[in-house]
Amino acid sequence: MRKITAVFILSWCFCFAADAQKDSVKHTNFLVLPVIAKSIETGWSAGAIGSLAFRSHPKDTTSRTSNMQVLALYSLKKQLVLAINGAQYSRHEKYILNEQVSFSSFPDKFWGLGKYTKDDAFESYKYKQFYIYLHLMRKLAPHFFIGGLFEFQELNDVEYLAGGLFDQQQVVGRNGYKIAGLGMSVTYDTRNHAFAPGKGGLVQFYFNHFDQYLGSDYNYTNIVFDLRKYITVGKKSVVALQAYSFGNTGREVPLRSLANLGGSNSMRGYYAGRFRNTNQMVFQGEYRFPLYGRFGAVAFGGYGDVGKNFSDYTLGDFKYSLGAGLRFALMKKEKLNLRLDYGIGQGNNSGLYFQLGEAF
């Protein structure tokens, strides 16, 4: 059944991409794609994705292409996700804005906190979440940016098993909450494309502080390091590497701000949130290579874990992730790909992912 679904998806997208290619001489491309997919978190789902790629100044050929995606998805598990995200580049990339706005009504799974939780020991819960993330960067020197961040999250209508894992482990925010935070970033970015870089790299550090003076129910600080490198091999193949650290300081970090292992962009093969704790560290790599025409393929692997603090990390406990996937170029010039990945983790963890754009 998974193979049949993928064929329908790729057939529809080929029709839309063919129309978009005729318009490639213009500076704006817009795609609307119907979606039928299956993933670990949603099961069978249907909806639509709209993608807009454009240049703020047509004569500015040195800046990367701006983009924005709109997603509407509803699953047979009665999960609803509405989201807008993208990245806009001003002339000569003097300013860069990254944003994400989403609403989700989501039946989910919770295995408890920690890195030793068992695959079959989970509880179901539900929540509704409204989320805003804004990150504005200002160029100070070639490829070097400083930025400011704003993040807001409201979690309500949380339903969970009374006396179960949430209560036993006294998970912060299990009854709903609101958080708001401000932060700063430092970024060195030499990637040559926004969607699928073929060379260059990214070094980014940022922190976001959540506090009551901003209207937050909890006080804590989120700290992130993101290191990426892209190496062209031969004429068209690419090796992509990433080291990623996500951490929190503070005594009370709410549920949806905890580090979570798994998902479509990191440690594919694990349910998003299969392992949760205060901190997370992940290393992953991909080998991306062309097949024929618009089609390409990837092989990927990951290695990571969660921990209450950094001293809690033990290499012997790190989890692995392996997999492969197909790529279909929706916009060849802009390197916007549809990806279909299958990831395998330890134990009984595995899953299929259908996404727009690369994992990292």
Side-chain angles (χ1 to χ4, degrees), residues 80-85 95-106 108 110-114 123 125-138 145-187 204-226 244-261 263 272-273 275-281 306-312:
L80 172 66
V81 178
L82 305 172
I84 300 173
N85 64 79
Y95 292 96
I96 300 176
L97 174 65
N98 291 281
E99 73 280 333
Q100 180 180 338
V101 180
S102 66
F103 170 80
S104 53
S105 178
F106 212 87
D108 209 344
F110 182 69
W111 282 262
L113 303 177
E123 296 177 0
Y125 74 105
K126 299 178 181 179
Y127 66 88
K128 292 181 180 178
Q129 177 182 274
F130 179 64
Y131 181 76
I132 299 175
Y133 173 85
L134 301 172
H135 185 186
L136 179 64
M137 292 181 283
R138 170 69 159 88
F145 302 83
I146 61 168
L149 296 91
F150 171 76
E151 186 173 348
F152 174 86
Q153 179 189 144
E154 184 173 359
L155 194 76
N156 50 46
D157 295 340
V158 183
E159 300 178 23
Y160 65 91
L161 178 65
L165 290 172
F166 280 98
D167 287 336
Q168 293 171 18
Q169 298 186 345
Q170 297 183 339
V171 176
V172 176
R174 62 189 181 277
N175 296 315
Y177 60 87
K178 180 172 63 177
I179 57 169
L182 292 174
M184 295 185 63
S185 68
V186 178
T187 304
Q204 186 173 74
F205 161 79
Y206 68 82
F207 72 89
N208 220 353
H209 180 66
F210 300 84
D211 207 301
Q212 291 179 349
Y213 75 86
L214 295 169
S216 180
D217 293 334
Y218 301 102
N219 292 6
Y220 65 99
T221 303
N222 175 228
I223 301 172
V224 174
F225 290 91
D226 191 353
Y244 181 79
S245 172
F246 179 100
N248 289 289
T249 63
R251 289 182 295 179
E252 292 188 318
V253 181
L255 172 64
R256 303 297 299 176
S257 293
L258 292 168
N260 65 92
L261 194 78
F275 296 94
R276 289 184 183 273
N277 216 321
T278 310
N279 302 285
Q280 175 190 185
M281 184 177 294
V306 297
K308 187 172 180 60
N309 47 56
F310 285 102
S311 62
D312 197 27

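Just so you know, these numbers come straight off a predicted model, no measurement behind them.
- In this view, E252 and V172, Y218 satisfy the side-chain contact (heavy atoms from CB on, under 4.5 Å) rule, not counting sequence neighbours.
- Checked by atom type, the side-chain pair R256/Y127 shows a donor-acceptor distance below 3.5 Å.
- Between the CE atom in M184 and the OH atom in Y206 there is a gap of 14.5 Å [rounded to 0.5 Å].
- Note that CG of N219 and CD of Q212 are 4.5 Å apart. Values are rounded to the nearest 0.5 Å.
- Between L214 and G181 the shortest heavy-atom distance is CD1-CA, 3.7 Å.
- Contact detail for S257 and Q153: the closest heavy-atom pair is OG-NE2, 3.7 Å.
- Side-chain atoms of E123 come within 3.5 Å of backbone atoms of L165 as a donor-acceptor pair (strictly under, hydrogens ignored).
- One distance of note links OG1 of T187 with CG of N98; it measures 9.0 Å at 0.5 Å rounding.
- Between Q280 and N260, the closest side-chain pair of non-hydrogen atoms is not below 4.5 Å.
- With hydrogens and angles left out, the side-chain atoms of Y133 and N85 include no donor and acceptor closer than 3.5 Å.
- Exactly one residue among E154, Q100, E151 makes a side chain to side chain donor-acceptor pair (under 3.5 Å) with Y131. That residue is E151.
- Note: M137 CE to L149 CG = 8.5 Å, rounded to the nearest 0.5 Å.
- A 6.0 Å sphere centred on CD of Q168 holds more than 12 heavy atoms belonging to other residues, nucleotides or ligands.
- The shortest side-chain heavy-atom distance between L80 and F103 falls under the 4.5 Å cut-off.
- Residue S245 comes nearest to F310 through the heavy atom pair OG-CE2, 3.8 Å, listed as atom of the first residue, atom of the second, then distance.
- Evaluation of the side-chain contact (heavy atoms from CB on, under 4.5 Å) rule for T249 yields T221, I223 as partners, not counting sequence neighbours.
- Using a 4.5 Å heavy-atom threshold, the side chains of V224 and Y244 count as touching.
- Remark: side-chain polar atoms of N208 are paired, donor with acceptor, to backbone N or O of G183 under 3.5 angstrom.
- Partners of F152 by ring pair (Phe, Tyr, Trp, His ring centres under 6.0 Å), not counting sequence neighbours: none found.
- F110 is linked by a ring pair (Phe, Tyr, Trp, His ring centres under 6.0 Å) to F166, counting only residues two or more places apart in sequence or in another chain.
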(message) Applying side chain to side chain contact (heavy atoms under 4.5 Å, CB included) to L113 and K308, what does each step give before you reach the verdict?
(response) CA-CA 9 Å; L113 303 177; K308 187 172 180 60; over 6 Å; no
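- Shortest non-hydrogen contact noted between H209 and D211 is NE2-OD2, 2.8 Å.
- In this structure the side chain of Y160 reaches within 4.5 angstrom of the side chain of V158, judged on heavy atoms.
- Under the ring pair (Phe, Tyr, Trp, His ring centres under 6.0 Å) criterion, F130 pairs with no residue, sequence neighbours left out.
- Contact check on D157 versus K126 returns no salt bridge, with no Lys/Arg side-chain nitrogen under 4.0 Å from an Asp/Glu carboxylate oxygen.
- Considering all non-hydrogen atoms of both residues, A259 and N279 come closest at CB-C, 3.4 Å.
- Heavy-atom minimum distance, R276 versus L258: NH1-O, 4.4 Å.
- Applying the side-chain contact (heavy atoms from CB on, under 4.5 Å) criterion to N248, with sequence neighbours excluded, gives Y220, N222, F246, V253, T278.
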